[in-house]
> 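First the structure, then my questions, so here it is.
We count ligands from 1, going down the list as the structure has it; atoms in each ligand are counted the same way.
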Amino acid sequence: MELIDVYYAYPGSVWALKGVNLRLEKGKKVAILGPNGAGKSTLLFHFIGLLRPKKGTVYYEGSKVEYTRAYLKTLRQKVGLVFQDPDAQMFAGSVFQEVSFGPLNLGLQEDEARNRVLKALEVMGIDDLKYRPVHFLSYGQKKKVAIASVLAMNPDALVFDEPTAYLDPRSSAELVEIMEKLYRLGKQIVISTHDVDLAFSFADWIVVMKDGRVLAQGSPVEIFTDKDIISESGLEMPLIVKISTLLKKKGLLKGAFPRDLKQLASMLENDGGGLTWQKGS
Ligand SMILES: Nc1ncnc2c1ncn2[C@@H]1O[C@H](COP(=O)(O)OP(=O)(O)OP(=O)(O)O)[C@@H](O)[C@H]1O
Ligand SMILES: [Mg+2]
């Protein structure tokens with residue numbers, strides 16, 4: 001996905017995007033990080049052509065996004081957006097009907113659609129909710145149904161707007177595990193968040209947004225060890241970076257930054273010594 005000099009303003013409102021230049025490569029877990037009102041959701045809506053730039057261009061896999069029905073239908077098959085609020089993408093009826101809606105709309109045979117739905121429910125661990133009306137599900141359950149609906153379209157990329165917002169710690173951890181699993185299954189994953197701890201532990205590539213612009217991008221360590229970026233963006237330093245920096249100063253931790261507390265603990269058990277973090281370890 002690539003955006004070149006993209007500007008967007010909501011009708012009668014101020015500029016929400018002010019010249020965004022961004023290129024997201026395949027194979028990285030990306031976090032779009034920024035405070036409230038930075039333009040994260042507005043940016044994600046451009047990824048699936050839900051909004052059209054007032055100026056500038058969006059490209060997907062090297063070709064210019066067209067705002068025709070046919071093009072957008074194909075694009076949304078390849079790139080699925082999980083909205084922050086699951087109610088925003090729910091229709092009615094049972095969970096099964098809800099998740100079937102997309103595949104049936106693609107014109108798939110009933111058998112094929114059914115298989116996709118069952119697979120998506122299985123991946124999300126919500127087979128038992130199949131016949132429940134979506135209306136009466138809890139927030140966390142609705143979130144899973146919303147993700148299953150996107151998964152049933154079998155997209156190449158999944159974009160999550162604030163995936164862990166309003167989830168309790170256990171559901172958050174579960175959702176992160178699901179996103180990791182989808183990534184291992186070969187899906188591209190992009191999330192938007194203002195949770196610096198989540199961005200640091202989850203993403204391989206961080207895009208920092210502020211006031212409708214991309215302020216910086218880079219690896220999590222590059223971003224969070226750069227004092228200028230931290231102070232300019234108004235973001236907090238992730239807890240793990242704060243602790244690790246302190247331990248490094250005291251000579252108790254060597255080598256690369258741990259990604260999360262679990263990794264830090266195991267590094268400390270190994271004398272804090274020389275362990276380098278490796279992807280997938
Ligand atoms: N429907 C809308 N109509 C008018 N202005 C809007 C609308 N949606 C967003 N905006 C404005 O656009 C700007 C960017 O908002 P956006 O929702 O993209 O930010 P965000 O980074 O997703 O914030 P949050 O973390 O609160 O979700 C803000 O100034 C916001 O007030
Ligand atoms: Mg938002």
> Considering the heavy atoms of Pro35, write down every atom of ligand 1 situated less than 4.0 Å from one of them.
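Per the distance check, 21 (O).
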
> Is the backbone of Leu239 close enough, under 3.5 Å, to the side chain of Asp197 for a donor and an acceptor to pair up by distance?
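It does hold such a pair.
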
> As a check for students: among Ala165, Ala38, Ser13, identify the option with a heavy atom nearest to atom 5 (N) of ligand 1.
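Checking each option, the heavy atom nearest atom 5 (N) of ligand 1 is found in Ser13.
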
> Under 3.5 Å between any N/O of Gly34 and any N/O of ligand 1: does that happen in this structure?
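In fact, backbone or side chain, Gly34 has no N or O that close.
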
> Which residue holds the protein heavy atom closest to atom 14 (C) of ligand 1, what is that atom called, and what is the gap in Å?
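Here the nearest protein heavy atom works out to Gly37 O, 3.5 Å.
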
> Ignoring hydrogens and angles, tell me if any N or O in the side chain of Thr164 forms a donor-acceptor pair with the backbone of Leu167 under 3.5 Å.
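No.
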
> Examine all N, O or S atoms of Ser41, backbone included, and report whether one is under 2.8 Å from the Mg ion (ligand 2).
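An N, O or S atom of Ser41 is closer than 2.8 Å to the Mg ion (ligand 2), so yes.
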
> Give the residue, atom name and distance (to 0.1 Å) of the protein heavy atom nearest atom 4 (C) of ligand 1.
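Result for atom 4 (C) of ligand 1: Tyr10 CB, 3.3 Å.
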
> Looking at ligand 1, does Glu162 have a heavy atom less than 4.0 Å from it?
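In this structure, Glu162 qualifies as a contact of ligand 1 - some heavy atom is under 4.0 Å.
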
> Considering residues, nucleotides and ligands other than Arg69, do more than 12 of their heavy atoms fall under 6.0 Å from its CZ?
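Atom CZ in Arg69 is not packed in, count stays at 12 or less.
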
> Assess whether a salt bridge exists between Lys119 and Glu112, defined as any Lys/Arg side-chain N lying under 4.0 Å from an Asp/Glu carboxylate O.
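Salt bridge: no.
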
> Under the 6.0 Å and 45° cation-pi test, does Lys248 pair with Phe257?
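Flagged: Lys248 positioned over aromatic ring of Phe257.
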
> Atom 24 (P) of ligand 1: which protein heavy atom is closest, and how many Å away?
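The closest one turns out to be Asn36 ND2, 3.5 Å.
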
> Taking Arg259 for the side chain and Phe200 for the main chain, is one N or O donor matched with an acceptor at less than 3.5 Å?
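Checking the backbone N and O of Phe200 against the side chain of Arg259, a donor-acceptor pair under 3.5 Å is found.
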
> Could you see which bit of Ser192 sits under 4.0 Å from ligand 1, with heavy atoms only: side chain, backbone, both or neither?
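Answer for Ser192: neither.
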
> Going by heavy-atom distance to atom 19 (O) of ligand 1, choose the closest among Gly212, Pro11, Gly39, Ser41.
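When every heavy atom of Gly212, Pro11, Gly39, Ser41 is considered, Gly39 comes closest to atom 19 (O) of ligand 1.
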
> Checking the side chain of Lys40 only, and the main-chain atoms of Asp161 only, is there a donor and an acceptor separated by less than 3.5 Å?
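Looks like no, no N/O pair under 3.5 Å.
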
> Nearest protein heavy atom to atom 30 (C) of ligand 1: under 4.0 Å?
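Answer no: nothing from the protein, no heavy atom, is under 4.0 Å.
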
> Among protein heavy atoms, which sits nearest to atom 12 (O) of ligand 1, and what does the distance come to when rounded to 0.1 Å?
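Of the protein heavy atoms, Ala16 CB, 3.4 Å lies nearest.
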
> At their closest point, which heavy atom of Gly80 faces which heavy atom of Pro155, and how far apart are they?
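Nearest heavy atoms, Gly80 then Pro155: N-CB, 3.9 Å.
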
> For atom 25 (O) of ligand 1, find the nearest protein heavy atom and state the residue, atom name and distance (0.1 Å precision).
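Result: Lys40 NZ, 2.8 Å.
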
> Tell me, which protein residue and heavy-atom name are nearest atom 16 (P) of ligand 1, and how many Å apart are they?
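The protein heavy atom lying closest is Thr42 OG1, 3.6 Å.
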
> Would you check if the side chain of Lys143 reaches a backbone N or O of Gln84 as a donor-acceptor pair within less than 3.5 Å?
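Answer holds: yes.
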
